[in-house]
Amino acid sequence: MNNKIDKRIDQLTKIFAEIKQLDQNELSHLYDLVSLHNEALFIVGDLSSEALHVRDMAYLERKRVYAETILSESGTVAVKEARAELVINQLRVEEADANSMHHKYKHMYESLHHRLIDLRQKRNKLEDELKTINDRVS
């Protein structure tokens with residue numbers, strides 16, 4: 001892909017490893033989980049954006065190569081188009097891969113966002129329970 005995507009994927013992998021070590025039933029861990037999920041959301045948003053950029057650049061390159069091939073070929077329009085399609089086949093694959101990567105990170109972002117909401121609700125519930133217990137003891 002590119003260095004920015006590789007770097008962000010490494011960061012995300014480390015965050016997910018940290019998340020796996022935490023217990024969702026402990027209040028102190030929930031604070032860390034919320035923080036880590038916020039960080040992951042930021043990174044996944046950046047990955048989605050970068051994948052979209054890669055896709056757009058692949059699209060531009062495919063169109064450029066297609067046009068150059070059409071202009072350089074001789075023969076009927078059908079022959080020129082057939083030759084151009086053969087030349088850009090790999091570029092179409094790269095464009096599709098980048099599009100797939102964009103959708104992957106877009107869906108991951110949505111999933112993390114929902115998970116973050118759940119964690120915040122769970123944290124708030126535990127805080128309320130702890131407050132209720134402390135109020136009874138006092």
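Counting begins at 1 with the first residue of the sequence.
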Donor-acceptor pair, distance only, cut-off 3.5 Å: does the side chain of [X] make one with the backbone of [Y]?
| X | Y | value |
| --- | --- | --- |
| S72 | E68 | yes |
| T13 | I9 | yes |
| S100 | A96 | no |
| T132 | D128 | yes |
| H37 | L33 | yes |
| H29 | Q24 | no |

Check: For A40 and F16, which heavy atoms make the closest approach, and how far apart are they?
Finding: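 Looking at all heavy atoms of both residues, the shortest contact is CB-CE2, 4.4 Å.
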According to a hydrophobic-cluster definition based on side-chain heavy atoms being under 4.5 Å apart (Ile, Leu, Val, Met, Phe, Trp, Tyr only), do [X] and [Y] belong together?
| X | Y | answer |
| --- | --- | --- |
| L119 | I15 | yes |
| L52 | V44 | no |
| L112 | F42 | no |
| Y31 | L36 | yes |

Next item on the list: For a side-chain contact (heavy atoms from CB on, under 4.5 Å) with K122, tell me which candidate from I117, N25, V34 qualifies.
Entry: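 Among I117, N25, V34, the one that satisfies the side-chain contact (heavy atoms from CB on, under 4.5 Å) with K122 is N25.
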Next item on the list: Could you check K63, R55, Q90, M57 and say which one makes a side-chain contact (heavy atoms from CB on, under 4.5 Å) with E95?
Entry: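 It is R55, the one option of K63, R55, Q90, M57 that forms the side-chain contact (heavy atoms from CB on, under 4.5 Å) with E95.
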Item checked: Trace of the side-chain contact (heavy atoms from CB on, under 4.5 Å) decision for L130 with L126 -> CA-CA 6 Å; L130 186 60; L126 284 175; over 6 Å; no
Next item on the list: Check step by step if side-chain contact (heavy atoms from CB on, under 4.5 Å) holds for T69 and E85.
Entry: CA-CA 9 Å; T69 304; E85 283 297 326; over 6 Å; no
Do [X] and [Y] have side-chain heavy atoms sitting under 4.5 Å apart?
| X | Y | answer |
| --- | --- | --- |
| L30 | R120 | no |
| H107 | E110 | yes |
| M101 | L47 | no |
| D46 | Q11 | no |

Next item on the list: Would you please test E50 and Y105 for side-chain contact (heavy atoms from CB on, under 4.5 Å) and show each step?
Entry: CA-CA 10 Å; E50 190 63 24; Y105 290 119; over 6 Å; no
Notebook entry, point to check: For atom OH of Y59, is the number of surrounding heavy atoms from other residues, nucleotides or ligands below 6.0 Å larger than 12?
Noted result: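 Incorrect, the count does not exceed 12.
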Note to self: With a sphere of 6.0 Å drawn around CZ of R115, does it hold more than 12 non-hydrogen atoms of other residues, nucleotides or ligands?
What the structure shows: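 No, CZ of R115 has 12 or fewer neighbouring heavy atoms, counting only those of other groups under 6.0 Å.
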Margin query: Can you tell whether the side chains of K14 and D10 come within less than 4.0 Å, N to carboxylate O?
Written below: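 No, K14 and D10 are not salt-bridged.
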Note to self: Is a donor from one side chain sitting under 3.5 angstrom from an acceptor on the other, for N2 and R8?
What the structure shows: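 Result is no, nothing qualifies.
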